[in-house]
Amino acid sequence: QVQLVESGGGLVPAGGSLRLSCAASGRTFSSYPMGWFRQAPGKEREFVAAITRSGDSTVYADSVKGRFTISRDNAKNTVYLQMNGLKPEDTAVYYCAASSLVVIQTTRRAYDYWGQGTQVTVSS
């Protein structure tokens, strides 16, 4: 089992940057592929980015490709989401999640553990 706590959200102007962090408890963090999702008001929670257990491979939603970067530090039990070139449509609550499956995952139902979320608001 793993517990996840996100941080780093806030209010930024369009074009700005934020770095989200997700700290995980437990000694088996490196055994979980990790993902970031987001949920805007009135919308479904959607996939943003995911990373393999070792960090050697990543995948992104088309809407954030080239602007966001997911990374992880297994020694610190932390996964990051660097967000550059933020747009008002990026406004959402951002969640990190851990999957018990072996390979990288992009669907919500593949993730077993979720953080409480951190709010990101991008002003126009």
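- Atom-to-atom distance recorded for T69:OG1 and M83:CE is 11.0 Å, nearest 0.5 angstrom.
- L81 and V12 end up in the same hydrophobic cluster when Ile, Leu, Val, Met, Phe, Trp and Tyr side chains are linked at under 4.5 Å.
- Closest approach of V79 and I70 over heavy atoms only: CG2-CG1, 4.0 Å.
- Contact detail for Q116 and V5: the closest heavy-atom pair is OE1-CA, 3.7 Å.
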**Q.** Full working for side chain to side chain contact (heavy atoms under 4.5 Å, CB included) between C22 and Y80
**A.** CA-CA 6 Å; C22 174; Y80 305 97; over 6 Å; no
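- Distance alone, capped at 3.5 Å, is enough to place a donor-acceptor pair between the S25 side chain and the Q3 backbone.
- For the pair S99 (side chain) and A110 (backbone), a donor-acceptor distance under 3.5 Å is present.
- At distances below 3.5 Å, not a single donor-acceptor pair connects side-chain atoms of R72 with backbone N or O atoms of G55.
- Here the side chain of E6 pairs a donor or acceptor atom with the backbone of C96 at under 3.5 angstrom.
- Using a 4.5 Å heavy-atom cutoff, the side chains of F68 and L86 are in contact.
- Residue F37 is not grouped with residue V120 when hydrophobic side chains (ILVMFWY) are merged at heavy-atom distances under 4.5 angstrom, including chains of intermediate members.
- A92 approaches Q119 most closely through the heavy-atom pair O-NE2, 3.4 Å.
- Judged by distance alone, with hydrogens and angles left aside, the side-chain atoms of N74 form a donor-acceptor pair with the main-chain N or O of R53 at under 3.5 Å.
- Side-chain contact between F29 and M34 is present, with at least one heavy-atom pair separated by less than 4.5 Å.
- For the residue pair V93 and G117, the shortest heavy atom distance occurs at CG1-CA, 3.8 Å.
- Considering every non-hydrogen atom in both N84 and S17, the closest pair reads OD1-OG, 2.9 Å.
- The local environment of NZ in K43 is sparse, with at most 12 non-hydrogen atoms from other residues, nucleotides or ligands closer than 6.0 Å.
- Grouping the Ile, Leu, Val, Met, Phe, Trp and Tyr side chains by contacts below 4.5 angstrom, directly or via other members, places Y95 apart from L18.
- With contacts defined as side-chain heavy-atom distances shorter than 4.5 Å, the pair V2/T28 does not qualify.
- Using a 4.5 Å heavy-atom threshold, the side chains of S63 and R38 count as touching.
- With hydrophobic clusters built from ILVMFWY side chains whose heavy atoms lie under 4.5 angstrom apart, V59 does not share a cluster with Y32.
- Electrostatic pairing of K87 and D90 does not count as a salt bridge here, judged by no charged N lying under 4.0 Å from a carboxylate O.
- Across A24 and L4, no two heavy atoms sit closer than the pair CB-CD2, 3.6 Å.
- Between the side chain of Y111 and the backbone N or O of W36 there is no donor-acceptor pair closer than 3.5 Å.
- Grouping the Ile, Leu, Val, Met, Phe, Trp and Tyr side chains by contacts below 4.5 angstrom, directly or via other members, places F47 apart from Y94.
- The backbone N or O of S7 lies less than 3.5 Å from no partner atom in the side chain of T118, so there is not a single donor-acceptor pair.
- Atom CD of residue E46 and atom CD of residue Q39 lie 9.5 Å apart, to the nearest 0.5 angstrom.
- Looking only at distances, a side-chain donor or acceptor of T52 sits under 3.5 Å from a matching main-chain atom of S57.
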